[in-house]
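Notes for the one structure printed next.
Values reported hereafter were calculated over all heavy atoms of this structure, with side chains retained and with hydrogens, waters and symmetry mates removed. For clarity, every value in this text was computed on a predicted model and none was experimentally measured.
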Amino acid sequence: MVDVLIADDEAMVRAGVRAILARDPLIEVVAEAADGAGAVEAARAHRPAVALLDIQMPGLDGIAAAARIHRERPGTAVIMLTTFGEDDYIARALREGADGFLLKADDPRELLRGVHAVAAGGAYLSPRVVARVVAGLRSGRPAPAPGCAPPGLTARERDVLALVGAGRSNAEIAAQLHLVEGTVKAHVSAVLAKLGVRNRVEAAIVAYEAGWTAGRQ
């Protein structure tokens with residue numbers, strides 16, 4: 001069972017997200033909050049596996065709340081809920097270690113996939129979010145040709161990157177590539193170092209930009 005916290009200042013949005021999550025018997029909404037401060041308190045009290053945070057909330061915004069939750073509850077993965085036109089906020093959220101990004105206008109199935117992906121230790125990015133922010137996140141670095149793997153990676157590291165880009169957790173990657181999980185962790189660390197990125201989310205963005213994600217190579 002994946003325990004989830006929903007934080008959004010609009011009651012109707014919270015109700016809609018809760019209704020979508022209720023479709024999955026393996027997900028349980030354990031708390032709701034109407035602002036960032038409330039989200040931090042709820043994360044403290046309920047220790048959810050996943051926190052779904054609206055970026056723009058009164059008082060403490062979602063990005064500041066995400067930073068506090070990561071400091072106090074590193075076991076809670078954070079997905080930022082965003083709308084079009086919030087690209088700068090998304091870049092800030094990446095720096096604070098957000099584990100996933102979804103547009104409020106995304107297909108509801110994206111929300112369910114995202115919750116399970118980050119709960120399992122993966123990263124999850126709405127393709128429409130990636131398309132809007134990748135240029136800003138990689139400004140100053142030459143973009144690889146579409147469909148070409150980022151340079152400097154071994155064949156196995158390219159396989160791992162493709163699955164990171166698809167939001168797979170280390171355990172899922174290990175199962176798909178017939179490796180032990182410790183070996184996958186080592187490959188992921190090597191990929192992050194070679195790409196010069198800080199976390200799985202940024203690695204996934206590189207994979208998306210290159211057109212190098214599972215099922216797209």
Side-chain angles (χ1 to χ4, degrees), residues 2-10 13-14 17-18 21 27 29-104 106 110-111 114-126 128-130 132-139 164 167 169-170 185 188-189 192-193 195-206 208:
V2 179
D3 292 343
V4 175
L5 157 67
I6 303 170
D8 195 294
D9 59 324
E10 296 185 33
V13 172
R14 295 198 306 274
V17 171
R18 185 173 63 248
L21 296 178
I27 295 175
V29 176
V30 295
E32 295 184 23
D35 55 36
V40 174
E41 289 297 326
R44 238 183 246 135
H46 296 275
R47 304 166 68 87
V50 178
L52 293 168
L53 306 180
D54 182 25
I55 286 184
Q56 291 187 300
M57 291 187 286
L60 192 71
D61 68 18
I63 298 172
R68 290 194 189 179
I69 290 171
H70 271 304
R71 284 196 303 270
E72 297 182 18
R73 283 285 308 146
T76 296
V78 173
I79 294 177
M80 307 305 301
L81 299 175
T82 182
T83 60
F84 281 118
E86 294 183 335
D87 301 6
D88 291 342
Y89 291 103
I90 295 171
R92 282 179 52 212
L94 261 183
R95 291 193 293 271
E96 296 297 343
D99 302 286
F101 295 91
L102 291 169
L103 284 173
K104 291 181 180 178
D106 276 332
E110 293 282 348
L111 177 60
V115 167
H116 282 296
V118 301
Y124 198 83
L125 301 160
S126 162
R128 292 199 292 171
V129 171
V130 174
R132 293 184 63 84
V133 303
V134 70
L137 292 172
R138 287 177 52 78
S139 61
V164 167
S169 67
N170 286 349
K185 289 180 181 178
V188 170
S189 295
L192 299 185
L195 296 179
V197 298
R198 293 164 293 184
N199 53 50
R200 297 173 76 100
V201 177
E202 290 190 7
I205 288 173
V206 173
Y208 269 96

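Using a 4.5 Å cut-off on side-chain heavy atoms (C-beta onward), V115 and L52 make contact. With a 4.5 Å cut-off on side-chain heavy atoms, L102 and T82 do not count as touching. For the pair L111 and D106, the minimum side-chain heavy-atom distance is 4.5 Å or more. Between D54 and K104, some side-chain heavy-atom pair lies under the 4.5 Å cut-off. I63 is listed as a side-chain neighbour of I55, based on a closest heavy-atom distance under 4.5 Å. The shortest distance between side-chain heavy atoms of V40 and R71 does not fall below 4.5 Å.
The closest donor-acceptor contact from the side chain of D99 to the backbone of I79 lies at 3.5 Å or more, if one exists at all. Checked by atom type and distance alone, the side chain of R14 pairs as donor or acceptor with a backbone atom of D8 at under 3.5 Å.
Between atom CD1 of residue I6 and atom CG of residue L21 there is a gap of 5.0 Å, rounded to the nearest 0.5 Å. Put simply, CD on Q56 and CD on E10 are 10.5 Å apart, with the number rounded to the nearest 0.5 Å.
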Working for side-chain contact (heavy atoms from CB on, under 4.5 Å), residues D35 and L60: CA-CA 7 Å; D35 55 36; L60 192 71; over 6 Å; no

Test log, rule side-chain contact (heavy atoms from CB on, under 4.5 Å), inputs L81 and V13: CA-CA 10 Å; L81 299 175; V13 172; 5.5 Å; no

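Counting all heavy atoms, side chain and backbone alike, N170 lies closest to R200 at OD1-NH1, 2.7 Å. Heavy-atom minimum distance, A7 versus A39: CB-CB, 3.7 Å. Scanning both residues, V50 and V118, for their nearest heavy atoms gives CG2-CG2, 3.8 Å. Here the closest heavy-atom approach between residue A117 and residue Y124 is recorded as CB-CD1, 3.8 Å. Closest heavy-atom contact between A98 and M80: CB-CG, 3.7 Å. Closest of all the heavy-atom pairs between A66 and V78 is CB-CG1, 3.9 Å.
Environment of CZ in R68: sparse, with no more than 12 heavy atoms of neighbouring residues, nucleotides or ligands closer than 6.0 Å. R47 CZ: 12 or fewer foreign heavy atoms inside a 6.0 Å radius.
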